[in-house]
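Note on naming: letters A, B, ... go to the chains in the order of the sequence lines (proteins, then strands), and numbering restarts at 1 for each one.
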Number of protein chains: 2
Amino acid sequence: MTTTVRVLLADDEHLIRGALAALLSLEDDLLVVAEAATGPEALAMARAHAPDVAVLDLQMPGADGVKVATSLRTELPACKVLIVTSHGRPGHLKRALAAGVRGFVPKTVSAQRLAELIRTVHAGNRYVDPELAADAISAGDSPLTAREAEVLEHAADGAPVAEIAERAALAEGTVRNYLSSAASKLGAENRHAAVRLARERGWV
Amino acid sequence: MTTTVRVLLADDEHLIRGALAALLSLEDDLLVVAEAATGPEALAMARAHAPDVAVLDLQMPGADGVKVATSLRTELPACKVLIVTSHGRPGHLKRALAAGVRGFVPKTVSAQRLAELIRTVHAGNRYVDPELAADAISAGDSPLTAREAEVLEHAADGAPVAEIAERAALAEGTVRNYLSSAASKLGAENRHAAVRLARERGWV
DNA sequence: GTCCGTCCCTGACATTTGTCATGCCCGGTG
DNA sequence: CACCGGGCATGACAAATGTCAGGGACGGAC
């Protein structure tokens with residue numbers, strides 16, 4: 001005998017969410033009990049409906065899937081989290097696993113496969129997409145120190161050094177130093193390319 | 001009496017494409033005759049099946065929705081194009097309309113609404129999402145000259161000026177000049193922020 | 001035809017950014 | 001304890017970037 005799995009669906013794209021809800025409803029052991037379009041909404045819905053499995057998009061307005069997962073971990077430990085994403089960055093996978101996420105797959109999987117995976121994580125097992133896992137392993141850990149990452153983040157929008165220095169409460173020379181060492185660690189020509197690379201790998 | 005509308009579905013995310021195909025099939029006047037995951041594939045499928053309406057994702061590997069639309073316009077003038085997108089940048093809408101696209105909507109619409117819109121464009125009418133249209137109008141036209149845009153594009157990945165100069169066959173001083181004027185037109189502090197802004201508005 | 005505005009292009013100069021040598025503090029090792 | 005090694009922080013110098021004034025080409029207005 002199979003019990004019914006109560007599912008929460010969170011994705012900012014109505015089109016996908018609705019379509020997915022319809023498709024998952026075709027599986028007679030899955031029941032979509034709630035939908036959400038933003039991070040905070042997902043959290044509220046989870047509190048209200050206490051689903052067995054939460055399917056979260058990685059990028060949502062308000063709070064991303066990993067942040068929601070972190071909150072759920074403490075508030076609803078019984079609720080398993082499965083993350084789906086369009087652009088899989090290595091660092092995100094690592095953060096997701098650290099947040100107690102049970103599954104991590106790209107949106108290129110079929111709905112059929114997603115249904116299977118919902119059952120898999122509900123049964124207490126884990127699953128991460130092999131390709132994303134390989135990427136994460138080959139990309140490895142972030143080589144950046146805490147300050148380097150912090151400064152790089154402040155530099156992300158192309159702000160001049162003076163502004164970064166003020167925001168980080170550091171001397172300009174120090175900021176330049178961190179940016180420079182971050183860039184060389186990442187193999188980038190300059191800080192802007194470094195920002196791009198760090199973003200791609202999910203390290204900022 | 002309503003005739004059957006033959007639809008081509010192109011999106012790189014299996015999950016969405018499959019779900020969408022299933023949902024649109026519920027409408028008895030819509031028939032999904034082909035699916036594609038990349039730009040070139042969409043083009044090939046369109047040639048093979050000559051659909052009435054092509055529903056294209058804006059961002060796909062190989063060639064984006066607008067490029068595909070441009071090719072379709074000459075090869076299959078009878079095929080109406082409807083573009084769906086997750087992140088609507090003002091400039092994209094403009095380029096899309098210039099390419100003869102009949103509809104332009106964000107992925108936040110419901111499947112029900114999408115089905116209606118497929119009928120709308122099939123009937124020969126146009127439809128663009130009001131909010132996206134408002135954004136496009138308020139953002140206005142690109143204030144950048146041809147050269148400014150070209151140089152800005154070369155600068156997009158954070159390359160040093162010397163490299164940009166070589167790629168564009170210009171003196172370094174000239175390149176700096178274009179970058180500077182582009183930045184000031186966009187109200188950016190420096191060229192990197194300028195690149196970011198131009199991207200957001202879809203001007204590069 | 002001549003004027004005016006705009007785009008395209010350039011080199012010289014000022015400013016910002018990247019690199020280097022250096023010093024402090026802290027935790028782990030012998 | 002004395003000695004690393006690594007992260008944190010700084011200022012001085014070299015290199016890249018941004019700014020400026022100006023010149024040539026072209027098209028539309030008068």
Side-chain angles (χ1 to χ4, degrees), chain A residues 91 94-95 98 139-204, chain B residues 91 94-95 98 139-204:
Chain A
K94 211 174 145 45
R95 284 195 299 131
D141 273 6
S142 169
L144 304 177
T145 68
R147 277 284 189 278
E148 282 164 358
E150 182 193 340
V151 169
L152 206 54
E153 225 164 326
H154 282 130
D157 57 355
V161 171
E163 201 177 313
I164 302 168
E166 194 180 358
R167 283 193 284 190
L170 287 172
E172 294 193 13
T174 312
V175 170
R176 284 198 286 271
N177 204 201
Y178 284 138
L179 290 172
S180 178
S181 84
S184 87
K185 278 179 181 173
L186 296 174
E189 294 252 354
N190 56 44
R191 66 200 168 106
H192 304 286
V195 166
R196 219 170 33 79
L197 286 170
R199 274 210 188 295
E200 276 175 21
R201 293 172 169 63
W203 288 339
V204 292
Chain B
K94 212 173 144 49
R95 283 195 299 130
D141 273 7
S142 169
L144 304 177
T145 69
R147 277 283 189 279
E148 283 164 358
E150 181 193 341
V151 168
L152 206 55
E153 223 164 327
H154 283 130
D157 57 355
V161 172
E163 200 177 314
I164 302 168
E166 194 180 358
R167 283 193 283 190
L170 287 173
E172 294 193 12
T174 311
V175 170
R176 284 198 285 271
N177 204 200
Y178 283 139
L179 290 172
S180 180
S181 86
S184 89
K185 279 179 182 174
L186 296 174
E189 294 253 352
N190 55 46
R191 66 195 165 110
H192 304 286
V195 166
R196 216 170 36 79
L197 286 171
R199 274 208 189 299
E200 276 174 22
R201 293 171 168 64
W203 288 339
V204 291

Reading nucleotides 19-24 of chain C 5' to 3', which nucleotides get B (base under 4.0 Å from a protein heavy atom), which S (sugar-phosphate only), which -? BB----
When rounded to whole Å, the CD to C1' distance for the pair Glu148(A) and dA9(D) reads 12 Å
What is the distance from CD1 of Ile164(A) to P of dT17(C), rounded to the nearest Å? 8 Å
Please lay out, stage by stage, how His192(B) and Arg196(B) fare under the test side-chain contact (heavy atoms from CB on, under 4.5 Å). CA-CA 6 Å; His192(B) 304 286; Arg196(B) 216 170 36 79; over 6 Å; no
Checking contacts here: which listed nucleotide (dG18(C), dC8(D), dC9(C)) is nearest the side-chain heavy atoms of Arg191(A)? dG18(C)
Just how far, in rounded Å, is C1' of dC8(C) from CG of Leu144(B)? 15 Å
With heavy-atom distances below 4.5 Å as the criterion, would you say the side chains of Leu152(B) and Trp203(B) are in contact? no
Hey, can you pull the donor-acceptor pairs under 3.5 Å for the side chains in residues 170-183 of chain B, sequence neighbours left out?
residue   : atom : partner   : partner atom : Å
Ser181(B) : OG   : Glu148(B) : OE2          : 2.6
Ser181(B) : OG   : Tyr178(B) : O            : 3.3

CD (Glu200(B)) with more than 12 external heavy atoms under 6.0 Å: yes
Does the side chain of Thr145(A) reach to within under 4.5 Å of the side chain of Lys185(A), using non-hydrogen atoms? yes
What is the distance from CG of Asn190(B) to C1' of dT15(C), rounded to the nearest Å? 13 Å
Have a look at Thr174(B) and say if it touches a base, only the backbone sugar-phosphate, or nothing, with a 4.0 Å heavy-atom cut-off. base
Do other residues, nucleotides or ligands put more than 12 heavy atoms under 6.0 Å from the CD atom of Glu150(B)? yes
Separation of dC13(D) C1' from Glu172(A) CD (nearest whole Å): 15 Å
How many Å lie between CD on Glu163(B) and P on dA16(D), as a whole number? 13 Å
Along DNA chain D (nearest heavy atom to each residue), the more 5'-positioned of Leu170(A) and His192(B): Leu170(A)
Protein-nucleotide distance (Lys185(B), atom NZ; dT19(D), atom C1'), rounded to Å: 16 Å
Closest to the side chain of Ala171(B), out of dC8(C), dA9(D), dG11(C), is dG11(C)
Should we count CZ of Arg167(A) as having more than 12 external heavy atoms under 6.0 Å? yes
